[in-house]
Engineer: 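Got a structure here, written out as structure tokens. Questions coming.
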Amino acid sequence: MTEAIEKRDEFDVEIKGTVGKPFADDPKFESRNVDVFYGDKQAIFDVNLDIAKNEIVAMIGPSGCGKSTYLRCLNRMNDTIPICRVTGHIKLDGEDIYDKHQDPVLLRARVGMVFQKANPFPKSIYDNVAYGARLHGLTSNKTELDDLVEKSLIRAGLFKEVKDDLHKPGTGLSGGQQQRLCIARTIAVDPEVILMDEPTSALDPIATALIEELMIELSAKYTIAIVTHSMQQAARVSNRTAYFHLGKLVEVNDTDSVFTNPEHQLTENYITGRFG
Amino acid sequence: MPIKFLLITLLALLLFGYFIGRKRSLALKANNGGAKKTLHSLPKYYGFLVSLWAGIPALIILLLWTAFDTTIITSMTVSQLPEQTQQLSQDELGLLMNEIINLSQADKISDVSANDAKMLIKQTAANNFARFSHISNLAKTVLVLVMALMGLLLGLRYIRAETRARNYVETAIKLTMMGCASIAILTTFGIIFSVLLESLQFFKAVPITEFLFGTTWSPQTAIRPDQVGSSGSFGALPLFVGTLLIAFIAMLVAVPLGLMSAIYLSEYASQKVRTVVKPILEILAGIPTVVYGFFAALTVAPVIRDMGESMGFHPASESALAAGLVMGVMIIPFVSSLSDDVLSAVPQAMRDGSYGMGATKSETIKKVVIPAALPGIVAGILLAASRAIGETMIVVMAAGLAAKMTVNPMEAVTTVTVQIVTLLTGDQEFDSPKTLAAFALGLGLFMVTLILNVISLHVVRKYREQYE
Amino acid sequence: MKQSNTDKIKASLKKRYAKERRFRLYGLISIAISFLFLLVLLVNISIKGLPAFHQTYVKLDVTIDANVLGIDKNSDHEALFSADYSIIITKTLKKMFPDVKSRKQKRALKKLVSNSAAYDLRDAVTANPNLIGTTHSFWFLAKDDVDVYAKGNIDRNLAETERRVKDFQLAWIDQLEKEGRLKQRFNSRFFTSGDSREPEQAGIKGAMVGSLLTMLVTLSLSFPIAVGAAVYLEEFAPKNNRWVDIIEININNLAAVPSIVFGLLGLAVFIAFFGVPRSAPLVGGLVLSLMTLPTIIIASRAAIKSVPSSIREAAYGLGASRVQTTFHHTLPLAMPGILTGTIIGMAQALGETAPLLMIGMVAFVADIPQGITDPSTVLPVQIYLWSDSPERAFTERTSAAIMVLLGFLIVMNFLAVLLRKHFERRW
């Protein structure tokens with residue numbers, strides 16, 4: 001009984017602003033004073049965070065801490081939820097993406113997203129990858145499109161496995177392959193940023209390892225923000241790590257220092273497995 | 001004793017059985033007060049048990065007797081008729097029996113005093129009929145009541161402390177409910193039995209190939225004197241073409257409008273709009289078909305005729321177009337509610353994937369949601385088509401009777417359902433090829449809609465499983 | 001490359017958004033078309049049907065001449081009842097329009113008032129024999145043509161040959177109008193009498209009673225059977241059992257079988273095989289209950305399924321048997337949903353026409369049915385029968401009967417919605 005109360009005390013550490021290094025010199029994304037509301041309920045409180053070019057930022061934290069909600073703000077996926085409201089400023093290359101002149105369609109072509117559960121369309125593998133290019137009119141003829149599909153599949157590390165089955169349905173692949181197909185689909189549009197929302201949570205360790213390798217390769221070309229449930233994953237792939245707690249950004253720092261030398265009590269509790 | 005009083009007496013007996021059973025068991029309990037033995041069940045279950053014993057056998061006998069007594073009495077009366085009267089054909093005998101039955105019910109049994117020989121026969125038979133009915137009624141009453149009493153006494157003997165009365169009663173309840181559920185199967189059998197038997201008789205007279213592929217349908221008039229049944233020609237192809245033509249027009253209206261309504265409601269409209277618009281759309285489905293028929297015949301058909309004439313066509317006053325259009329509107333809510341269900345079963349993740357790549361809403365719907373929902377939508381359309389094919393009142397009132405083989409929507413065509421109604425309304429005897437033809441058409445209709453239904457129900461089921 | 005991608009997308013955006021708007025518009029248009037149709041249908045029927053709720057009456061000053069009738073104040077009831085009162089009506093009319101000479105016109109003259117006038121007069125005289133020998137004003141039911149004209153539904157400017165009402169008849173009606181002998185009253189006869197060959201005398205009471213009796217039979221059969229079947233399938237049936245699967249497939253399939261096929265079943269099985277009387281509410285109810293069973297079963301199963309299993313487990317935990325649990329807990333909790341489904345099924349049955357045509361409920365029945373084995377008709381079939389009649393006055397009555405039928409359906413559906421709203425429970 002007393003132990004439980006003591007433990008409760010550990011949760012109740014006050015969160016005053018964000019500790020660590022939330023800002024970057026060469027930011028791709030700049031978030032300032034971002035609040036998110038679902039109806040009357042506030043889900044995100046005053047988040048300030050930069051994401052630098054070509055870095056991998058990992059967002060960690062217990063379930064319901066708002067890390068996914070924040071990620072979905074970055075390409076305005078929250079627009080699809082009618083009761084969701086975002087205030088504050090999020091800038092992509094210095095332009096506010098919530099400005100009313102901004103076009104969510106264009107934004108989402110620049111900021112791609114990979115979801116928690118692999119969601120290939122009920123079409124062939126080829127059509128899945130070609131979807132974005134056809135949508136946006138990126139290629140002018142069949143050969144270009146074929147090329148683009150092949151290149152994207154190669155970059156997603158899937159081409160060897162599926163090159164003979166390009167016209168079979170994407171839903172017939174294994175879970176890991178499906179998720180790599182979704183990545184191939186995303187990079188076919190050649191975005192600038194890729195958001196990944198717990199991309200490996202439904203996969204086995206081998207498939208996970210493949211995707212993690214892929215992320216590191218992709219970071220040469222793209223800026224990547226990943227939400228993950230696994231601290232090990234964050235430690236393995238990311239340059240910087242952000243810790244969210246109850247809708248607040250508690251601590252951001254280089255991944256090494258977050259895991260070896262957390263500044264905030266809550267971060268330490270979380271990474272040492274006291275809760276989460 | 002009229003059946004009403006018999007039923008009331010039986011009910012009274014059941015109630016009596018219940019109370020006496022309950023009382024006995026209570027008495028048993030009181031007697032056993034000091035002993036170890038207690039009743040297995042609550043006293044009311046013993047009451048029910050006695051009631052069941054009294055009721056079930058009596059009711060079974062009553063049902064069977066009532067179901068078959070007319071048939072048996074009729075055949076007994078027929079067997080008492082003079083030899084040569086019995087030699088009459090089936091139809092004539094049926095007519096005669098009708099007269100006899102009417103006669104027997106007309107007055108109290110009148111004396112056999114008619115001079116006319118024929119009348120004498122009828123009068124005698126009527127008297128016989130009335131006498132047999134009277135005897136049968138008396139026997140039924142006595143037998144049912146005796147059975148009930150015997151059952152009651154037997155049931156009382158089962159009131160013992162160790163009788164598992166509740167279990168027996170519950171088993172009876174379960175069996176009854178199972179019987180209720182099995183009525184669905186009985187109904188299907190009933191349908192198959194009724195249309196198949198008559199159809200087989202019909203196909204004895206008219207070869208099935210002539211029925212399916214013949215191009216002349218005129219059941220009323222004989223074309224050649226040597227024709228089977230000499231009552232017309234039964235080539236149903238024009239009916240099939242007419243049915244398909246009208247159903248096709250209806251689907252042409254219902255599918256795009258219904259599908260687009262469903263898409264708008266499930267993908268674009270806010271919750272508020274949905275709760276208002278959906279019930280209003282459903283009103284269209286709740287309007288009786290006879291109202292649509294009236295509207296099609298009196299309002300839509302003249303408008304189409306005038307419009308057609310002003311455009312240089314010469315549409316018939318009862319055009320396939322009018323019936324098809326109105327039927328299409330009737331089916332809109334059907335298509336839209338089925339599609340709505342199917343569209344909302346497509347997981348949000350699928351839509352998110354598309355939005356995440358920068359697709360607009362309509363692109364997502366056209367390229368992801370609809371392809372994903374396609375099997376379900378197709379199943380819904382099949383179900384709607386089966387409804388269009390089987391729809392009766394609109395076509396009866398607005399499509400006409402002329403069995404013309406045409407695909408011109410401005411002309412009058414007739415359909416399978418119209419012909420069934422035409423052949424079976426009015427008074428004709430049951431066994432003529434005309435009435436039998438209606439059952440053959442009914443068989444065709446049942447088979448086609450059955451196949452459509454089974455396919456679409458199967459597809460919908462598979463589709464649901466895929467996303468569950 | 002990157003920049004060019006963004007530019008390409010930007011370039012196509014305008015077109016894509018236009019497509020988006022167009023697609024959305026198609027959806028709106030589709031809904032609008034359905035709404036428009038519904039509106040036109042309802043308004044059209046109302047405009048056609050509303051006049052039927054009023055009926056024209058004609059005032060005649062009738063001299064009840066004992067000599068013509070061959071009776072006097074002291075005649076017995078039988079004599080009063082069987083006298084020929086129509087002569088008096090004819091005489092009165094002839095007196096009012098003395099110029100009428102030709103046979104054709106004389107016949108037309110009689111048709112200013114309905115032939116029910118003679119019966120009305122008879123009833124008045126038998127009730128009060130003192131009227132004999134006096135002159136008295138009576139309001140008689142006008143013949144349908146007079147009624148239609150008085151309501152302004154006959155175009156005077158049409159050529160005489162294209163009109164049902166000829167010029168000389170118009171002159172009579174105008175004269176009656178001028179003398180204040182025409183009056184519109186609420187048409188209570190429409191609700192209190194049965195069908196008739198004369199449009200002005202036809203009413204829907206027979207059909208309403210027939211519908212009521214048929215619905216009673218349907219309800220008393222389909223409700224218990226459907227609930228029994230639903231309870232069995234949800235609570236007692238073994239899972240993955242072949243027999244149960246077959247039952248389920250059957251129920252789903254029966255829900256989609258064309259209604260006319262049920263009519264064939266009724267004709268072949270109930271009437272031809274079991275000898276149930278034709279044209280009676282009993283056989284109509286039997287057929288309709290088979291037809292509505294699937295609807296009610298499917299709704300009841302959904303309602304029973306939505307009762308959480310925790311409630312069942314609680315009852316089992318207290319030692320209740322399966323049957324007791326079902327009847328004491330599950331069924332009462334599912335009842336609102338079951339009743340809603342039942343009302344919807346009954347509304348369907350009330351509007352059904354086709355299967356009833358098969359079992360002979362289309363006969364012309366003027367009497368009000370007294371029991372479930374009397375020949376009768378039902379509201380939708382009455383609508384069908386009247387819609388076939390060429391007289392304008394019947395068109396009006398058809399529409400009015402449709403309004404009454406729709407009124408009943410609206411009330412039933414409203415009841416179902418209320419029930420659902422009131423008892424809606426979120427577990």
Side-chain angles (χ1 to χ4, degrees), chain B residues 67 70 166 170 173-174 176-178 180-185 187-188 190-191 194-195 198 257 260-261 263-264 268 277 280-281 283-284 286 288-291 294-295 297-299 329 332 360-363 383 386 390 392-393 397 417 420-421 424-425 430 439 442 445-446 449-450 453-454 457, chain C residues 16-17 19-20 23-24 26-28 30-31 33-35 37-38 41 44-45 225 228-229 231-233 236 246-247 250-254 256-261 264-265 267-269 272 274-275 290 293-294 321 323 347 351 353-354 357-358 362 380 383-384 387 395 398 402 405-406 409 413:
Chain B
T70 329
R166 183 175 56 76
E170 289 187 350
I173 291 175
K174 267 189 247 177
T176 313
M177 290 194 301
M178 200 171 133
C180 290
S182 308
I183 285 191
I185 294 182
T187 310
T188 307
I191 289 173
S194 51
V195 292
E198 313 292 339
L257 291 182
M260 283 311 294
S261 306
I263 288 172
Y264 187 84
Y268 285 105
V277 171
I280 298 181
L281 265 187
I283 294 179
L284 279 176
T289 52
V290 68
V291 178
F294 178 70
F295 186 67
L298 256 82
T299 308
V329 174
I332 288 176
T360 64
K361 211 155 190 173
S362 63
E363 286 162 351
L383 223 49
S386 127
T392 310
M393 289 322 290
M397 295 167 83
T417 48
I420 296 178
V421 170
L424 286 181
T425 46
F430 199 64
F439 282 92
L445 185 64
F446 180 67
T449 52
L450 181 77
N453 296 343
V454 168
L457 287 173
Chain C
R16 286 168 67 191
Y17 276 125
K19 266 190 185 165
E20 167 77 26
F23 189 71
R24 205 185 150 112
Y26 291 152
L28 266 176
S30 303
I31 294 177
I33 289 177
S34 305
F35 275 33
F37 184 92
L38 183 65
L41 177 86
N44 184 291
I45 299 229
I225 294 178
V231 167
Y232 177 76
L233 291 174
F236 295 98
I246 293 176
I247 292 179
N250 261 295
I251 290 172
N252 287 330
N253 183 51
L254 283 177
V257 165
S259 59
I260 193 171
V261 173
L264 291 175
L265 166 80
L267 179 60
V269 173
F274 285 116
L290 287 186
L293 265 180
S321 71
V323 173
T353 321
L357 302 183
M358 303 287 90
V362 275
I383 290 167
Y384 167 65
S387 75
T395 309
T398 313
I402 289 177
L405 177 62
L406 289 182
L409 292 178
N413 280 295

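Since we're looking at a predicted model, the values are computed, not measured. Chain identifiers are assigned alphabetically (A, B, ...) following the order of the sequence lines, protein sequences preceding nucleic acid strands; residue numbering begins at 1 within each chain.
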Engineer: Does C/Glu20 come within less than 4.0 Å of B/Lys361, counting only side-chain N to carboxylate O?
Structural biologist: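 B/Lys361 and C/Glu20: not salt-bridged.
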
Engineer: Which answer fits B/Ile280, side chain, backbone, both or neither, if we ask what part of it has an atom under 4.5 Å from a heavy atom of chain C?
Structural biologist: both

Engineer: Quick check for you: among B/Leu383, B/Leu284, B/Ile332, B/Leu281, which has the greatest number of heavy-atom pairs under 4.5 Å with chain C?
Structural biologist: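 Option with the top pair count is B/Leu284.
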
Engineer: Could you state the interatomic distance from CD1 (C/Ile260) to OG1 (B/Thr449), rounded to the nearest 0.5 Å?
Structural biologist: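 C/Ile260 CD1 to B/Thr449 OG1: 11.5 Å, rounded to 0.5 Å.
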
Engineer: Please state whether the side chain, the backbone, both or neither of C/Leu264 comes within less than 4.5 Å of a heavy atom of chain B.
Structural biologist: both

Engineer: Report yes if the side chains of C/Ser34 and B/Val329 come closer than 4.5 Å at any heavy-atom pair, otherwise no.
Structural biologist: no

Engineer: In terms of heavy-atom proximity below 4.5 Å to chain C, should B/Met178 be classed as side chain, backbone, both, or neither?
Structural biologist: both

Engineer: Any chance you could lay out the side chain to side chain contact (heavy atoms under 4.5 Å, CB included) test for C/Ser387 and B/Met397, step after step, and finish with the verdict?
Structural biologist: CA-CA 8 Å; C/Ser387 75; B/Met397 295 167 83; 3.2 Å; yes

Engineer: Return the option, out of C/Leu38, C/Val261, C/Thr395, with the maximum number of heavy-atom pairs under 4.5 Å with chain B.
Structural biologist: C/Leu38

Engineer: Under the rule for ring pair (Phe, Tyr, Trp, His ring centres under 6.0 Å), what residues qualify as partners of C/Phe23, not counting sequence neighbours?
Structural biologist: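 Not a single residue meets the ring pair (Phe, Tyr, Trp, His ring centres under 6.0 Å) criterion with C/Phe23.
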
Engineer: What part of C/Leu28 is in contact with chain B, defined as an atom under 4.5 angstrom from a non-hydrogen atom: side chain, backbone, both or neither?
Structural biologist: both

Engineer: Would you say the side chain of B/Leu298 lies within less than 4.5 Å of the side chain of C/Asn44, judging by non-hydrogen atoms?
Structural biologist: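 Side chain of C/Asn44 against side chain of B/Leu298, heavy atoms only: no contact under 4.5 Å found.
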
Engineer: Considering only heavy atoms, which portion of C/Leu41 lies under 4.5 Å from any heavy atom of chain B: side chain, backbone, both, or neither?
Structural biologist: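 Both backbone and side chain of C/Leu41 come within 4.5 Å of chain B.
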
Engineer: So which part of C/Leu357 gets closer than 4.5 Å to some heavy atom of chain B, the side chain, the backbone, both or neither?
Structural biologist: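 Interface part for C/Leu357: both.
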
Engineer: Examine whether an atom of C/Ile247 lies under 4.5 Å from a heavy atom of chain B, and if so say whether it belongs to the side chain, the backbone or both; otherwise answer neither.
Structural biologist: both

Engineer: Quick one: pull up CE in B/Met393 and OG1 in B/Thr417 and give me the separation to the nearest 0.5 Å.
Structural biologist: 9.5 Å

Engineer: Need one label for C/Leu290: side chain, backbone, both or neither, based on atoms under 4.5 Å from any heavy atom in chain B.
Structural biologist: side chain

Engineer: So, taking the atom named CG in C/Asn253 and the one named CG in B/Leu457, what distance separates them when rounded to the nearest 0.5 Å?
Structural biologist: 6.5 Å

Engineer: To the closest 0.5 Å, what do you measure between OH (C/Tyr384) and OG1 (B/Thr392)?
Structural biologist: 10.5 Å

Engineer: Which region of C/Ile225, side chain (C-beta onward) or backbone (N, CA, C, O), has a non-hydrogen atom less than 4.5 Å from a non-hydrogen atom of chain B, or is it both or neither?
Structural biologist: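 Looking at C/Ile225, backbone and side chain both touch chain B.
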
Engineer: Could you measure the distance from the OG atom of C/Ser30 to the CZ atom of C/Phe35? Nearest 0.5 Å is fine.
Structural biologist: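 Between atom OG of C/Ser30 and atom CZ of C/Phe35 there are 12.0 Å.
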
Engineer: Under 4.5 Å from any heavy atom of chain B, what part of C/Ala347 do you find: side chain, backbone, both or neither?
Structural biologist: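 No part of it gets close to chain B.
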
Engineer: With a 4.5 angstrom heavy-atom cut-off, which part of B/Ile263 approaches chain C: side chain, backbone, both or neither?
Structural biologist: side chain

Engineer: Select, from B/Ser194, B/Gly390, B/Ala297, B/Gly190, the one with the greatest count of heavy-atom pairs under 4.5 Å involving chain C.
Structural biologist: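 The candidate making the most pairs under 4.5 Å is B/Ser194.
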
Engineer: Of the listed residues (B/Val454, B/Thr176, B/Leu450, B/Val195), which shares the most heavy-atom pairs with chain C below a 4.5 Å separation?
Structural biologist: B/Leu450

Engineer: Answer with side chain, backbone, both or neither: which region of B/Ile191 has an atom nearer than 4.5 Å to a non-hydrogen atom of chain C?
Structural biologist: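 Looking at B/Ile191, backbone and side chain both touch chain C.
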
Engineer: C/Asn252, C/Leu254, C/Ile251: which one forms the most heavy-atom pairs within less than 4.5 Å of chain B?
Structural biologist: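 Highest number of heavy-atom pairs under 4.5 Å: C/Leu254.
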
Engineer: Side chain, backbone, both or neither: which part of C/Tyr26 has a non-hydrogen atom closer than 4.5 Å to chain B?
Structural biologist: both

Engineer: Would you please name every residue forming a ring pair (Phe, Tyr, Trp, His ring centres under 6.0 Å) with B/Tyr268, sequence neighbours left out?
Structural biologist: B/Tyr264

Engineer: Hey, could you give me the CG/CD1 distance between C/Asn250 and B/Ile185, rounded to the nearest 0.5 Å?
Structural biologist: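 Answer rounded to 0.5 Å: 5.0 Å.
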
Engineer: Please rank B/Ile283, B/Ile420, B/Ile173 by heavy-atom pairs under 4.5 Å with chain C and give me the top one.
Structural biologist: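 Between B/Ile283, B/Ile420, B/Ile173, the count favours B/Ile420.
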
Engineer: Return the option, out of C/Val231, C/Thr398, C/Leu293, with the maximum number of heavy-atom pairs under 4.5 Å with chain B.
Structural biologist: C/Thr398

